[in-house]
Amino acid sequence: MPELPEVEVLVRHLGPLLKGKTIRAVEVRRPGILEPTSPERFRRSLRHATFTEVSRRGKYLLFHLRSEARTRKKRSFVLLGHLGMTGRMYLSPHKAELPKHTPLIIDLGNERFVFEDTRYFGRLTLDTSALEQLGPEPLHEEFTVELLTKLLARSVQPIKVKLLDQSLIAGVGNIYASEALFRSGIWPGTPARALTPVQVKKLWRSIRRVLTEAIKSGSTVPLNFSGEGKRDGLLYFGRNADTPKSYEERLRVYDRQGKPCVSCGDPVSRIVQAARSTFYCMHCQAEP
DNA sequence: CACCATGTTCCTTG
DNA sequence: CCAAGGAACATGGT
């Protein structure tokens with residue numbers, strides 16, 4: 001469930017549940033997801049540590065912990081999480097059956113923290129160096145039109161590909177990149193530096209709007225993070241009974257190839273850029 | 001068997 | 001050094 005909004009909603013959900021909980025034991029079933037941290041070091045650091053806070057940076061989850069070792073002095077550290085393509089994290093009763101692909105389980109006493117990840121692309125590690133390369137948070141005040149203009153000024157890369165660059169803007173992924181460009185009426189193949197000032201401003205607004213709206217739809221709805229059901233917690237596939245809008249209504253172009261554009265009725269196109277699908281409307285996002 | 005999938009990193013080539 | 005493209009990672013759905 002990976003882009004910025006999904007991670008943000010998950011962080012808001014997990015924060016209150018984990019705060020103050022102490023780790024009793026750690027079971028590593030797939031050491032690869034800890035890399036480059038060794039399972040030994042991982043277990044040693046986490047055992048007896050207490051969660052103090054959960055926050056987010058781009059698509060990363062930051063679990064803030066404090067080790068309470070009596071013998072040694074207290075020390076704060078961060079456990080960095082990433083959901084990859086298929087990762088999920090939730091609390092679950094001990095008696096609940098674990099899913100087939102569960103790389104890591106943390107025993108919290110009364111319940112356990114489960115990291116489920118079918119494709120094992122996700123991470124839970126003590127190495128936080130990945131954060132250093134991230135660009136600005138698109139929803140923070142520091143992300144201004146002027147900053148976006150500067151970031152796009154020299155590049156000839158297609159704007160859609162640029163939006164996926166985490167060192168440019170942190171948290172935008174393949175779905176919301178297509179969505180933001182559709183809302184801005186910009187052709188995905190436009191070289192970044194060829195965008196007009198008006199287009200940059202529209203794009204800036206659209207990025208913030210699609211992310212904010214996605215967070216809102218996830219936050220106002222009682223999402224089910226219990227771990228039952230395949231797609232629970234995925235905002236774009238959300239289908240809770242109380243969901244105000246179905247995912248078809250929430251996403252305007254993504255995965256809608258051949259279906260009528262919600263704006264003009266022309267069929268939505270699919271192209272491949274940097275080996276990823278891009279969805280757009282040839283009429284509403286015309287090539288200049 | 002084919003192709004596709006919300007992500008990131010590494011390698012090659014220019 | 002940079003940009004661009006592709007493969008790799010691993011598993012499942014259609």
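Residue numbers begin at 1 in each chain, while the letters A, B, ... track the order of the sequences. Keep in mind that this is a model prediction, so the values were computed, not measured.
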Over how many whole Å does the gap from [X] atom [atom1] to [N] atom [atom2] extend?
X        : N     : atom1 : atom2 : answer
A:Glu6   : B:dG7 : CD    : P     : 9 Å
A:Glu35  : C:dA8 : CD    : P     : 18 Å
A:Gln273 : C:dA4 : CD    : P     : 12 Å
A:Asp117 : C:dC9 : CG    : P     : 16 Å
A:Ile33  : B:dG7 : CD1   : C1'   : 15 Å
A:Arg193 : C:dA3 : CZ    : P     : 11 Å
A:Ile175 : B:dC4 : CD1   : P     : 17 Å
A:Leu131 : B:dT9 : CG    : C1'   : 16 Å

- Task: First locate atom CZ of A:Arg12, then atom OG of A:Ser55, and finally report the distance between them rounded to the nearest 0.5 Å.
- Result: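 One finds 12.5 Å between CZ of A:Arg12 and OG of A:Ser55.
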- Which comes earlier along DNA chain C counting from the 5' end, the contact point of A:Ala275 or that of A:Lys162, where each point is its nearest nucleotide? A:Lys162
Less than 4.0 angstrom between a side-chain N/O of [X] and OP1 or OP2 of [N], yes or no?
X        : N      : result
A:Lys59  : B:dT8  : yes
A:Arg276 : B:dG7  : yes
A:Arg30  : C:dT11 : yes
A:Gln166 : B:dG7  : no
A:His82  : B:dG7  : no

- NA contact type, A:Val161, heavy-atom cut-off 4.0 Å: base, sugar-phosphate, or nothing?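 A:Val161: no heavy atom of the nucleic acid under 4.0 Å.
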- May I ask you to say whether A:Glu137 pairs ionically with A:Arg56, meaning some side-chain N is under 4.0 Å from a carboxylate O?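 Yes, A:Glu137 and A:Arg56 are salt-bridged.
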How far does the [atom1] atom of [N] sit from the matching atom of [M], given to the nearest Å?
N     : M      : atom1 : answer
C:dA4 : B:dA5  : C1'   : 23 Å
B:dT9 : C:dG12 : P     : 24 Å
B:dT8 : C:dG13 : C1'   : 22 Å
C:dG6 : B:dC3  : P     : 15 Å

- Item | Complementary nucleotide for C:dA10 - Watson-Crick or wobble, under 3.5 Å |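 By the stated definition (distances under 3.5 Å), nothing pairs with C:dA10.
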- Kindly give the heavy-atom pair with the smallest separation between A:Cys264 and A:Cys281, and that separation in Å. SG-SG, 3.6 Å
- Look at the rings of A:Phe51 and A:Phe63 and say which category their plane angle falls in: under 30° parallel, 30 to 60° tilted, over 60° perpendicular. perpendicular
Let's see if you can work this out: which of [options] has an atom nearest to the side-chain heavy atoms of [X]?
X        : options              : value
A:Ala130 : C:dA10, B:dT9, B:dA5 : B:dT9
A:Tyr60  : C:dG12, B:dT9, C:dA4 : B:dT9
A:Gln157 : C:dA3, B:dT8, C:dA10 : C:dA3

- Message: Is it the case that atom CZ in A:Arg47 sees more than 12 heavy atoms from other parts of the structure closer than 6.0 Å?
- Response: no
- For A:Phe121 and B:dT8, do the ring centres fall under 5.5 Å apart while the planes stay under 30° apart? no
- Query: Is A:Arg208 close enough and on-axis enough to A:Phe143, meaning under 6.0 Å and within 45°, for cation-pi?
  - Reply: no
